[in-house]
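Atoms considered below: every heavy atom in the structure, side chains included; atoms not considered: hydrogens, waters and symmetry mates.
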Amino acid sequence: MTSSGSPSMTRVPWSSQMTRLQVSMIDDMEYHNIAWFNILNNDLKAGLSKAEVKREMYGKNGELLERIFGKGHFTEAEVDAISQKKETSYQEAFRPYLQLIDGLPDLLKKADEKGIKMAIGSAAIPFNIDFVLDNLGIRHYFPVVVSANDVAISKPHPETFLKAAAGLDVSAGDCVVFEDAPKGVEAALNAGMKCVVLTTMHEKEEFLQYPNILGYIVDYRDPSLDELF
């Protein structure tokens, strides 16, 4: 049993590991939620509840704005300005709490020592990815980084994960994705990849429809992860 009470994960042949930035590495989604809530309601007068904002928090920032306000409501320059303000607000609020999820430093070191290739496939813009990788000193673990700027369509479309696998020169079927969000798990499924779910932001019941899940963990200290090495 995992620490979240879920079945143990099935052993799979690993030639690579793909880890999505943000909740999969740092527990920050509540800070994203607050930043978006304030921007959407205080600046843009969307009138959304926190639950409604949370439901829309996937994909690129421009895609989120399009889902809420409609296609063409903002110019590209306006989307960029809104996005920059939101990300700056998020970073200022989260910076004092920036740290890797418990157990992840050891897992990254162990994977690196075993020659397991790792990449980041994220819906975040480079501004946020650099914020995490450079402040935590972990960029050297990830030779391949795929950001929101590198894809035409973000999750749940599989392009993010498929580009990361291609960059590592591995097949999708040999990848394991660590995800915290249903849309991310769906993207992994669409890419033909297995997935480990972190229940830091969503309940296990929100993922039950996805057949590609190996197991559920609350952090990287879960002993079931030993089965993957």
Residues Val132, Ile26; criterion side-chain contact (heavy atoms from CB on, under 4.5 Å); working and verdict: CA-CA 8 Å; Val132 174; Ile26 57 175; 3.4 Å; yes

Rounded to the nearest 0.5 Å, how far does CG of Leu104 lie from NZ of Lys109? 13.5 Å

Kindly say whether Met193 contributes a backbone atom to a donor-acceptor pair with the side chain of Asn212 at under 3.5 angstrom? yes

Salt bridge check, Lys117 against Asp169: does any charged N sit closer than 4.0 Å to a carboxylate O? no

Could you walk me through whether Lys155 and Glu179 pass the salt bridge (Lys or Arg N to Asp or Glu O under 4.0 Å) check? CA-CA 12 Å; Lys155 304 169 186 179; Glu179 261 290 351; 3.1 Å; yes

Rounded to the nearest 0.5 Å, what separation is found between the CG atom of Leu108 and the CE atom of Met25? 6.0 Å

Heavy-atom side-chain proximity of Leu100 to Tyr220 below 4.5 angstrom: no

Which heavy atom of Tyr31 sits nearest to which heavy atom of Ala93, and what is that distance? CE2-O, 3.8 Å

Please check this pair: side chain of Asn128 against backbone of Ala124, looking for a donor-acceptor N/O pair closer than 3.5 Å. no

Looking only at atom types and distance, does a side-chain atom of Asn190 sit under 3.5 Å from a main-chain N or O of Pro156, one as donor and one as acceptor? yes

Phe178 CZ to Leu225 CG distance, which is reported to the nearest 0.5 Å: 5.5 Å

Please examine the side chains of Ile120 and Val146, heavy atoms only from C-beta on, and report whether any two atoms are closer than 4.5 Å. no

Spell out, as yes or no, whether a donor-acceptor pair under 3.5 Å connects the side chain of Glu186 to the backbone of Lys183. no

May I have the step-by-step check of side-chain contact (heavy atoms from CB on, under 4.5 Å) for Leu44 and Ile82, ending in yes or no? CA-CA 9 Å; Leu44 303 178; Ile82 293 168; 4.1 Å; yes

Side chains of Asn41 and Trp36: does their closest heavy-atom pair fall under 4.5 Å? no

Only counting residues at least two apart or in another chain, list the ones meeting salt bridge (Lys or Arg N to Asp or Glu O under 4.0 Å) with Asp102. Arg221

Is it true that the side chains of Asp28 and Tyr90 contain a donor and an acceptor less than 3.5 Å apart? yes

Do the side chain of Lys50 and the main chain of Asn33 share a donor and acceptor less than 3.5 angstrom apart? no

Quick one, Val145 and Leu133 - any side-chain contact, counting heavy atoms below 4.5 Å? yes

Who pairs with Arg67 by salt bridge (Lys or Arg N to Asp or Glu O under 4.0 Å), at least two apart in sequence or on another chain? Glu56

Do Ile153 and Leu162 sit in the same hydrophobic cluster, where Ile, Leu, Val, Met, Phe, Trp and Tyr count as joined when their side-chain heavy atoms come under 4.5 Å apart? no

Verify side-chain contact (heavy atoms from CB on, under 4.5 Å) between Leu64 and Lys60, making sure each step is shown before the conclusion. CA-CA 6 Å; Leu64 180 151; Lys60 299 182 181 184; over 6 Å; no

Would a distance-only check, ignoring hydrogens and angles, find a side-chain to backbone donor-acceptor pair under 3.5 Å from Glu206 to Glu203? yes

Any donor-acceptor pair under 3.5 Å from Gln91 side chain to Phe127 backbone: yes

Do Lys163 and Val151 touch side chain to side chain, with heavy atoms closer than 4.5 Å? yes

On the ring face of Phe207, is Lys204 found with NZ or CZ under 6.0 Å from the centre and within 45° of the axis? no

Check whether Ile34 and Ile68 end up in the same hydrophobic cluster, where Ile, Leu, Val, Met, Phe, Trp and Tyr are linked by side-chain heavy atoms less than 4.5 Å apart. no

Aromatic plane relationship, Tyr97 with Phe94 - under 30° parallel, 30 to 60° tilted, over 60° perpendicular: tilted

Any donor-acceptor N/O pair, Glu159 side chain to Ala152 backbone, under 3.5 Å: yes

Does the side chain of Ile129 come within less than 4.5 Å of Ser122's, by heavy atoms? yes

Can you see which heavy atom on Pro143 is nearest to which on Leu168, and at what distance? CG-CD2, 4.1 Å

Search all heavy atoms of Lys54 against all heavy atoms of Met201 and return the closest pair with its distance. NZ-O, 3.0 Å

Mind listing the closest non-hydrogen atom pair of Pro211 and Gln209 along with its distance? CD-O, 3.5 Å

Residues Asp150 and Ser147: side-chain donor-acceptor under 3.5 angstrom: yes

Compare every heavy atom of Ala191 with every heavy atom of Ala172, then report the nearest pair and how far apart it is. CB-O, 3.2 Å

Who are the salt bridge (Lys or Arg N to Asp or Glu O under 4.0 Å) partners of Asp43, not counting sequence neighbours? Lys85

From Lys86 atom NZ to Gln84 atom CD, the distance as rounded to the nearest 0.5 Å: 11.0 Å

Spatial distance of atom CD1 (Ile125) from atom OG (Ser83) [nearest 0.5 Å]: 4.0 Å

For Asn61 and Glu87, does a side-chain donor sit closer than 3.5 Å to a side-chain acceptor? yes

Side chains of Val197 and Asp180: does their closest heavy-atom pair fall under 4.5 Å? no

Check the pair Ser154, Glu63 against side-chain contact (heavy atoms from CB on, under 4.5 Å), reporting the backbone distance first and the verdict last. CA-CA 8 Å; Ser154 194; Glu63 293 170 349; 3.3 Å; yes

Set out, in order, the CA-CA distance, both residues' side-chain angles and the distance that settles salt bridge (Lys or Arg N to Asp or Glu O under 4.0 Å) for Asp226 and Lys110, then state yes or no. CA-CA 10 Å; Asp226 292 339; Lys110 185 176 180 181; 3.7 Å; yes

Keeping the roles fixed (side chain from Glu78, backbone from Thr75), state whether a donor-acceptor pair exists under 3.5 Å. yes

Report yes or no: does Asp174 contribute a side-chain atom to a donor-acceptor pair with the main-chain N or O of Val170 at less than 3.5 Å? no

Ile217 CD1 to Asp219 CG distance, which is reported to the nearest 0.5 Å: 7.0 Å

Taking every non-hydrogen atom, the tightest pair across Val79 and Gly62: CG1-CA, 3.8 Å

Val177 side chain near Phe161 side chain, heavy-atom distance below 4.5 Å: yes

